[in-house]
Amino acid sequence: MTFLILGLLILLGTHSVRVFGDGFRERMIARLGTNGWKALYAVLSLAGLVLIVWGFGLARQQPVSLYVPPLALRHANSLFTLFAFVLVAAAYVPRNHLKAWLGHPMLAGVKLWALGHLLATGFLHDVILFGSFLAWAIVLFAISRRRDRRNGVTWARGAVAGDLLAGIAGIGAWAAFAFWAHLHWIGVAPIAGVGG
């Protein structure tokens, strides 16, 4: 569990610097240059991700059950994750209503993804992983929205074309992950009957 927690601290900490340590970020950019800072950011993010994957894999070998979720919540997780993928896609697709409405649809997507997985899984390593991401996304979303209001940030108005593109991209990515990648990369088939 140590490597999982360390990885979460590194990855989520790195992705919180702009919100909680913008002064530190500016000093590091001044010292390292923009490209140097981006390289350090990328290396730390990758190191955190590797530790999370490794630590999660180790923790799964000695699972500690905290609760047994009902089957209905496991099915609901697929729906939560579908909407999460659409929200993440909306973060990259210009001029869609989700981005215009939420401002930070990726963080909203992470919240849905993490919440759905917390409802569907009940082992200690799951609670640590998804609970950490859920808490991080909730805090960062609230702070980011408050900062947007304070700075008078406005987002481009949504358009139907942007909505369609975000929906198609999100649903396509979700389908690829749900019906193939999740099983092959994580070892769990999230959709009943999907295998091989």
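Owing to the predicted nature of the structure, the values given are computational and were not obtained by experimental measurement.
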In this structure, NE2 of His75 is separated from CZ of Phe80 (nearest 0.5 Å) by 14.0 Å
Are the side chain of Tyr67 and the backbone N or O of Thr121 linked by a donor-acceptor pair below 3.5 Å? yes
Full working for side chain to side chain contact (heavy atoms under 4.5 Å, CB included) between Ile128 and His125: CA-CA 5 Å; Ile128 289 174; His125 56 271; 5.7 Å; no
Using a 4.5 Å cut-off on heavy atoms from C-beta on, say whether the side chain of Leu51 contacts that of Leu4. no
Quick one: closest heavy-atom pair of Asp126 and Phe56, and the distance? OD1-CZ, 3.3 Å
Spacing of CZ belonging to Arg31 relative to CG belonging to Leu40, to within rounding of 0.5 Å: 10.5 Å
Which atom names give the shortest non-hydrogen contact between Leu8 and Ile52, and what distance separates them? N-CG1, 3.5 Å
Anything under 3.5 Å between a donor and an acceptor, one on a side chain of residues 92-118, the other on a protein residue two or more places apart or in another chain? List them.
unit_1: Asn96; atom_1: OD1; unit_2: Leu98; atom_2: N; d: 3.2
unit_1: Asn96; atom_1: OD1; unit_2: Lys99; atom_2: N; d: 2.8
unit_1: Asn96; atom_1: ND2; unit_2: Ala90; atom_2: O; d: 2.9
unit_1: Asn96; atom_1: ND2; unit_2: Val93; atom_2: O; d: 2.6
unit_1: His97; atom_1: ND1; unit_2: Asp163; atom_2: OD1; d: 3.3
unit_1: His97; atom_1: ND1; unit_2: Asp163; atom_2: OD2; d: 2.6
unit_1: Lys99; atom_1: NZ; unit_2: Ala91; atom_2: O; d: 3.0
unit_1: His104; atom_1: NE2; unit_2: Asp148; atom_2: OD2; d: 2.6
unit_1: His117; atom_1: ND1; unit_2: Asn77; atom_2: OD1; d: 3.4
unit_1: His117; atom_1: ND1; unit_2: Trp113; atom_2: O; d: 2.8

Is Val139 reachable from Leu129 through a run of hydrophobic residues whose side-chain heavy atoms are each under 4.5 Å from the next? yes
Single-linkage hydrophobic cluster, 4.5 Å side-chain cutoff, Val86 and Phe177 together: yes
Those residues at least two apart in sequence (or on a different chain) that pass side-chain contact (heavy atoms from CB on, under 4.5 Å) with Val50 are Leu46
Contact between Val64 and Phe123 at the side-chain level, heavy atoms closer than 4.5 Å - yes or no? no
Might you confirm whether atom CZ of Phe83 has over 12 heavy atoms from other residues, nucleotides or ligands at distances under 6.0 Å? no
With rounding to the nearest 0.5 angstrom, report the CG to OG distance, Leu9 to Ser132. 8.0 Å
Among the clusters formed by ILVMFWY side chains lying less than 4.5 Å apart, do Trp155 and Ile143 turn up in the same one? no
When hydrophobic residues are tied together by side-chain contacts of less than 4.5 Å, even through go-betweens, does Tyr41 share a cluster with Leu32? yes
Rounded distance [0.5 Å steps], CZ in Arg149 versus OG1 in Thr154: 14.0 Å
Heavy-atom count around Arg147 CZ within 6.0 Å, excluding the residue itself: above 12? yes
Could you tell me if Trp174 and Thr81 have a donor-acceptor pair between their side chains, going purely by distance under 3.5 Å? no
So which heavy atom on Pro69 is nearest to which on Ala120, and how close? CG-O, 3.2 Å
Where do Leu66 and Leu124 come nearest, in terms of heavy atoms and distance? CD1-CA, 3.8 Å
Hey, are the side chains of Trp185 and Trp180 touching, using non-hydrogen atoms and a 4.5 Å cut-off? yes
Rounded to the nearest 0.5 Å, what separation is found between the CG atom of Leu11 and the CG atom of Leu6? 11.0 Å
Which heavy atom of Met1 sits nearest to which heavy atom of Ala59, and what is that distance? SD-CB, 3.9 Å
Test of understanding: clusters of I, L, V, M, F, W, Y form through side-chain heavy atoms closer than 4.5 Å, transitively. Do Leu49 and Leu12 belong to the same one? no
Could you tell me if the side chain of Ile171 sits less than 4.5 Å from the side chain of Phe85, heavy atoms only? no
